[in-house]
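Here is how names work: the chains are called A, B, and so on, in the same order as the sequence lines, proteins then strands, and each is numbered from 1. No experiment lies behind these values; they were computed from the predicted model shown.
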There are 2 protein chains.
Amino acid sequence: MIKKLYDTSLSLLTDLYQLTMAYGYYQSQTAEKEAVFNLYFRRHPFSGGFTVACGLNYVIGYLREYRLSKKDIRYLETLTGNDGKPLFDADFLQYLTQLEFTCDIDAVPEGTVVFPNEPLLRIRGPILQCQLLETPLLNMVNFQSLIATKAARLRLAAKDDTLLEFGLRRAQGVDGGMTASRAAYIGGCDATSNVLAGKLYDIPVKGTHAHSWVMSFPDELTSFETYAEVLPNNVTFLVDTYDTLEGVRNAIRVGHKLRERGHTLAGIRLDSGDLAYLSIESRKLLDEAGFTDTGIVASNDLDEHIITSLKEQGAQINIWGVGTKLVTAYDQPALGGVYKLAAIREGDGEGARWEYKMKLSEQAIKISTPGIQQVRRYLDEQGNFVSDMIYDEDRLPTDAATMIDPLDFTKRRKFDAGQPYEDLLVPIFRKGKLVYQQPDIHQARERVQQQLAGLHAGIKRFVHPHTYPVGLERQLHELKTALILKLRGQG
Amino acid sequence: MIKKLYDTSLSLLTDLYQLTMAYGYYQSQTAEKEAVFNLYFRRHPFSGGFTVACGLNYVIGYLREYRLSKKDIRYLETLTGNDGKPLFDADFLQYLTQLEFTCDIDAVPEGTVVFPNEPLLRIRGPILQCQLLETPLLNMVNFQSLIATKAARLRLAAKDDTLLEFGLRRAQGVDGGMTASRAAYIGGCDATSNVLAGKLYDIPVKGTHAHSWVMSFPDELTSFETYAEVLPNNVTFLVDTYDTLEGVRNAIRVGHKLRERGHTLAGIRLDSGDLAYLSIESRKLLDEAGFTDTGIVASNDLDEHIITSLKEQGAQINIWGVGTKLVTAYDQPALGGVYKLAAIREGDGEGARWEYKMKLSEQAIKISTPGIQQVRRYLDEQGNFVSDMIYDEDRLPTDAATMIDPLDFTKRRKFDAGQPYEDLLVPIFRKGKLVYQQPDIHQARERVQQQLAGLHAGIKRFVHPHTYPVGLERQLHELKTALILKLRGQG
């Protein structure tokens, strides 16, 4: 997906401590030890009840081109410690030049609805590689999942209306804009204003004119007439440069001429003022003039809450243009995804076994879960999601699986063998080889809507959403409990 | 700066409406009309009293490579209107293939402290070009100025302590991370964890190890010992994987061994818990063991307010690692920069004159200012900033310049001819040719600190900062007033 960002390799897009740790593994002869890391988050963004996984295609593109270049190595040679001597020795740098990505990755497909503590991505392979990849994997998955989730919320608010993403000018950097356009489309937007995103990602693009177009003419009517002559098949007039309702009247004047020429006044756009009042008044003017099919676009710092409120007020808006609040996820501009070591393979041959790993914390929510994790999503007979159970692939659920709430071990659910389910993580890479047929962006977008359809309405609510049940399979719960007790010296 | 982002031209990194307007100008034979647009913002981010301009070097890199590729044109050929017919005709697309950047640009150097309504960048040239460039210029300047400002605030909070940027994993996309690292360094950070930013932008990089390093060993002490053997010249131990103060004791144990080998325990890092308490206790333990020079690094969702509070509590922290809150500008993740048409050249030869342009609004703050704007910063004899006066280059301030508050025309200041000043915008491009000697990133970083030294302390305060005076030169004020009255039909 990303081919060449900057004119150099992207393989140094990582934190320095990943490289110093890699050096540590290399020098202590543990670089090739097999490890498992899980990428997951602890809380939904936006005080919401669900999150949409996104970014996997970027990860795939990144890993397929993963290779340190000679320039990368020459740069690493220049790094020094506090005594002015090089950080890394020549043998290690030589090792890095030959490093190839050889891990297994399992991940949830883009567009999957996910919940706290569920691995969105699981990587298994030499610990040195897993470590180096932590930062780029988090960067790509965190941001795109955040934006896809925001877009899915906007889609819920906008219902069947058209939803446009307009955010490039306020996005966080070039790629902040590009990946936001991509994730916003997957999450539920219909189109973007971003032409390069249209070109590279096959997203429909939309746009007509700005205030500056109107201002560049002696008066608004002339500006509308000129635009309609040049682009009669793409007419949505921005009506608020001087006086909004007068702008609507000018749009109608030009609309009549468009009709005479066999074209349509597709829409008008409101970008300031009281959008509820102005849209209702604009609708009346348009309808009275016979432009009942002309759409009303609104923009101006919209988010899911304002759209909901405008709809409640009876606003006559059927196309929503959302920019800053979407592409920066303004009310929560980062998803706190983490990447935690869950197991290391110790011993060789017959004696090899997994040593499970976790990070302790005084706060139960911050304690990681060990194991080679998979997520089993149980469904009811209509295909609605019932609950998700995280289990260890080396400890398959028994016939009647028991799921335990990770924050309250007395809360349990049982599932008999006949309960339908699907396992969410699917194989993406095996020994560094891509084994996954990537869905295209439109399929990922459809998946979001299919997944949301499986969720109870209470979980999709914006205010105090219901918590979807996610738990640990009994054997994994017991493994985790034993490990906590051992680490706290009570095992 | 950005050479090749993606494997294609970046010249379509714009909103579709810029292209439809460009088509409108082209078809109505006004594409080559000379226009002036100003890029400015209306409010400081973070409820602050100043903003640091940043991103100009990116803009320069972008414009030097501005050229639509054949692939770009082929993509534009595929775009259709609501009747399924092409949006653009072949002549226009042919025109675009030959389009070269030929504008004049004046801008404030990176690292300049700026205020609302002051142009950070002014572009003058064919209106079609100015229009196409609106979106990328805003994208690059908005975000980097936002992050440089956040970093400058963190620097004020951290005083003379070391300030590290750690944000890549939570940044908004790859380039969101890269440009954030760059702007954070310019704004006042000392180093980044982002290795690729270190390589491409010549920023110092820092990093040692994460929790996963500790977890990959049977116990913490072994992990510290192994690290110290491998990287004795880069030792800062993360001490909170299991029990923080026990971690400090383990760090001290290994610190003694390091000393025996002629190395130093450079630091310990706290990443959770009560940072005030833990740093004070850690300092005691370190000092008692003779490690008075060992630094204490803190990280964990820090921002300028938490750093200020920790210092007030007597926290013994002298190195601050800031991530998410910095690189996403968490409390305000977008700067609302705008780009407004200010004048169009009408007529030819002798009869040519500027027609001034502005956008009206019911809110005075949203009314744009016409004119070919420059900013004159008056200084006192010590070089401190007194006030900034925006003037029209065609209406040079007279000997005794009068500056008028744009929101209250009865508030005025006079400056006599002897008052020292500097004009902030400097020539960057002339007819598309770069005429500016770009300062390097370290010079831009120094400029921020020099500029902040010129600002009164009240303006740098986080809570209810004093408002630095910015006004319009009398003749520009009169031009604007007359134009408002005319547009409102009262001229």
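Top candidate by heavy-atom pairs under 4.5 Å with chain A, chosen from B:Val195, B:Thr192, B:Leu341, is B:Val195. Across B:Pro232, B:Ala210, B:Ala334, the residue that shares the most heavy-atom pairs under 4.5 angstrom with chain A is B:Ala210. When each of B:Thr241, B:Thr226, B:Thr324 is scored by its heavy-atom pairs under 4.5 Å with chain A, the top score falls to B:Thr241. Highest contact tally toward chain A, considering only B:Gly198, B:Ala266, B:Pro204, B:Gly84, is held by B:Gly198 [criterion: heavy-atom pairs under 4.5 Å]. Counting heavy-atom pairs closer than 4.5 Å to chain A, the top residue among B:Ile127, B:Leu138, B:Thr30 is B:Leu138. Interface check for chain B: of the options A:His263, A:Lys340, A:Glu134, A:Gln144, the most heavy-atom pairs under 4.5 Å are formed by A:Glu134.
With a 4.5 angstrom heavy-atom cutoff, B:Leu231 touches chain A only via side-chain atoms. For B:Gln18, the part sitting under 4.5 Å from any heavy atom of chain A is the side chain, from C-beta outward, and nothing else. Neither the backbone nor the side chain of B:Ile147 comes within contact range of chain A; no heavy atoms are under 4.5 Å apart. Heavy atoms closer than 4.5 Å to chain B are found in both the backbone and the side chain of A:His209. At a 4.5 Å heavy-atom cutoff, B:Asp331 makes no contact with chain A through either its backbone or its side chain. Interface remark: A:Leu87 contributes backbone and side-chain atoms alike to the contact with chain B (heavy atom separation under 4.5 Å). Using a 4.5 Å cut-off between heavy atoms, B:Lys366 touches chain A through its side chain atoms alone. In this structure, no portion of A:Glu355 lies under 4.5 Å from any heavy atom of chain B. Only the side chain of A:Tyr227 comes within contact range of chain B, with heavy atoms under 4.5 Å apart. Heavy atoms closer than 4.5 Å to chain B are found in the backbone of A:Val327, but not in its side chain.
Between the side chain of A:Asn139 and the backbone N or O of B:Leu168 there is at least one donor-acceptor pair closer than 3.5 Å. B:Asp83 places no side-chain N or O within 3.5 Å of a backbone atom of A:Asn233 that could act as its donor or acceptor partner. Remark: the backbone N or O of A:Gly337 is paired with a side-chain donor or acceptor of B:Arg170 at under 3.5 angstrom. Judged by distance alone, with hydrogens and angles left aside, the side-chain atoms of A:Lys199 form no donor-acceptor pair with the main-chain N or O of B:Tyr75 at under 3.5 Å. The main-chain N or O of B:Gly81 is never found under 3.5 Å from a side-chain atom of A:Asn234 such that the two would form a donor-acceptor pair. The closest donor-acceptor contact from the side chain of B:Asn142 to the backbone of A:Arg169 lies under 3.5 Å. Side chain of B:Thr20 to main chain of A:Thr208: a donor-acceptor pair is present (N/O by atom type, distance under 3.5 Å, no hydrogens or angles).
A ring-centre distance under 6.0 Å is found for A:Trp213 and B:Tyr25.
Two residues are said to be in side-chain contact when any heavy atoms from C-beta on lie closer than 4.5 Å; A:Gln332 and B:Tyr330 meet this criterion. Contact annotation: the side chain of A:Phe166 never approaches that of B:Asp15 to less than 4.5 Å [non-hydrogen atoms, C-beta and beyond].
Note that the OG atom of B:Ser216 and the CE atom of A:Met21 stand 9.0 Å from one another [nearest 0.5 Å]. Note: A:Tyr356 OH to B:Met215 CE = 14.5 Å, rounded to the nearest 0.5 Å. Rounded to the nearest 0.5 Å, atoms CG (A:Leu196) and OG1 (B:Thr14) are 10.0 Å apart. Residue A:Leu16 holds its CG atom at 11.0 Å from CG of B:Leu164, rounded to the nearest 0.5 Å. The distance from atom CE of B:Met178 to atom CG of A:Asp175, rounded to the nearest 0.5 Å, is 11.0 Å. One distance of note links OH of A:Tyr17 with OG of B:Ser193; it measures 8.0 Å at 0.5 Å rounding.
When only modelled atom types and interatomic distance are considered, A:Gln172 and B:Thr328 share no side-chain donor-acceptor pair under 3.5 Å.
The stretch residues 204-216 of chain B participates, sequence neighbours left out, in no salt bridge (charged side-chain N to carboxylate O under 4.0 Å, His left out) pair at all.
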